[in-house]
Amino acid sequence: MSAKIISGTEIREAILEEIAAEVKEIKEKHSIVPGLVTILVGENPASVSYVTLKIKTAHRLGFHEVQDNQSPDISEEDLLALIDKYNKDDSIHGILVQLPLPKHIDEKKVLNAIDPDKDVDGFHPVNVGRLMIGGDEVKFAPCTPAGIQEMIIRTGVETSGAEVVVVGRSNIVGKPIANMMLQKGPGANSTVTVVHTRTKDLAAHCKRADILIVAAGVPGLVKPEWIKPGACVIDVGVNRVGEKPSAKDPGKMVAILRGDVDFDAAKEIAGSITPVPGGVGPMTITMLMKNTLKAMKFAAEIQ
Ligand code: NAP
């Protein structure tokens with residue numbers, strides 16, 4: 001039987017509607033709205049399109065949104081001063097610095113300068129520590145892992161006692177999602193294994209997984225025979241494997257994207273599976289919006 005296809009696009013729309021409704025209600029009751037600033041240094045085309053989408057989504061939800069574009073020549077000192085300005089601005093609840101930054105700027109120093117209570121990306125060491133402790137300590141989970149967990153919950157997959165195998169140990173996906181799935185609480189309580197390039201028998205680990213989360217960045221790494229029948233497969237990988245004419249504008253070439261899992265074959269074995277594109281991808285910006293709303297509620301002490 002073919003797997004249930006977990007549509008990130010549909011889940012995104014449901015969550016964005018919930019956020020918009022909550023923003024409207026809070027605005028009526030408390031006269032405040034979430035404020036998000038995106039700081040873009042330079043004009044890297046991919047960064048420009050990510051920032052534009054973030055700002056467009058914030059606008060759609062009724063947020064106060066600020067797009068602060070800076071020259072690629074901005075000094076590290078001036079960028080730190082800019083962050084300090086937004087740290088002190090009460091109308092801004094979330095600060096997002098679009099990465100990568102130019103080489104003359106120390107990314108770590110910049111990200112660590114963001115007030116942890118406005119760190120809606122969840123990358124500040126304070127928030128990484130809070131995530132590790134779990135429970136009430138957690139303020140902001142990083143957006144892609146938060147999106148993955150939300151998809152698993154909304155698909156109705158049992159996580160308590162489930163064998164979760166995470167392929168990849170990056171700081172932005174593998175490590176945080178592994179940590180989140182092993183916490184006590186809803187959508188977690190799993191038994192977690194993390195595998196990587198030094199793992200001896202990748203296939204054997206994957207075959208045990210009730211929930212297989214793959215974030216390696218290697219197209220087709222996970223073979224269909226590695227998937228346990230009925231498993232939930234979350235494919236985080238986004239790999240450009242070629243180009244094709246755009247469906248909307250055939251004169252224009254667009255990237256052909258593939259995940260880390262052989263989707264067509266895997267969907268005949270898995271119980272549920274995310275496609276690429278249209279799976280995890282749409283969830284990341286959605287969770288950024290959710291984190292910004294959360295940041296505003298913390299700041300205004302709204303339950
Ligand atoms: P990353 O920093 O490159 O980390 C990849 C991880 O996968 C590393 O831990 C690496 O192991 C492991 N790995 C690579 N090849 C492997 C192999 N053959 N066998 C076992 N493990 C292997 O990547 P990332 O930032 O986590 O991103 C992973 C993928 O997710 C990328 O395709 C990226 O584009 C995508 N992504 C998507 C979203 C989204 O949809 N919103 C967000 C973030 C990332 P080692 O540590 O041993 O090197």
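Ligands are counted one by one from 1 in listed order, and the atoms in each one are counted from 1 as well.
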- [ ] Write down, by chain and number, every protein residue that brings a non-hydrogen atom to less than 4.0 Å from an atom of ligand 1.
- [x] Thr144, Gly168, Arg169, Ser170, Ile172, Val173, His196, Thr197, Leu202, Ala215, Ala216, Gly217, Val218, Leu221, Val236, Gly237, Val238, Asn239, Gly281, Thr284

- [ ] Quick one: which residue pairs count as a side-chain hydrogen bond (donor to acceptor under 3.5 Å, both in side chains) with a foot in residues 211-224, not counting sequence neighbours?
- [x]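 Passing the test, one end in residues 211-224: no pairs.
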
TODO: Determine which pairs satisfy side-chain hydrogen bond (donor to acceptor under 3.5 Å, both in side chains) with at least one residue from residues 34-51, sequence neighbours left out, and list them in order.
DONE: none

- [ ] Cation-pi check, Lys139 to Phe298: give yes when NZ or CZ is under 6.0 Å from the six-membered ring centre and within 45° of the ring axis, no otherwise.
- [x] yes

Task: Straight-line distance of Ile92 CD1 to Met296 CE, nearest 0.5 Å - done: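 These two atoms lie 13.0 Å from each other.
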
Open item on the list: Tell me every residue that passes side-chain hydrogen bond (donor to acceptor under 3.5 Å, both in side chains) with Arg60, counting only those two or more places apart in sequence or in another chain.
Closed with: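 Counting only residues at least two positions away or on another chain, Arg60 forms a side-chain hydrogen bond (donor to acceptor under 3.5 Å, both in side chains) with Glu13.
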
Open item on the list: Looking only at the side chains, is there a donor atom on one of Gln98 and Lys54 sitting less than 3.5 Å from an acceptor on the other?
Closed with: yes

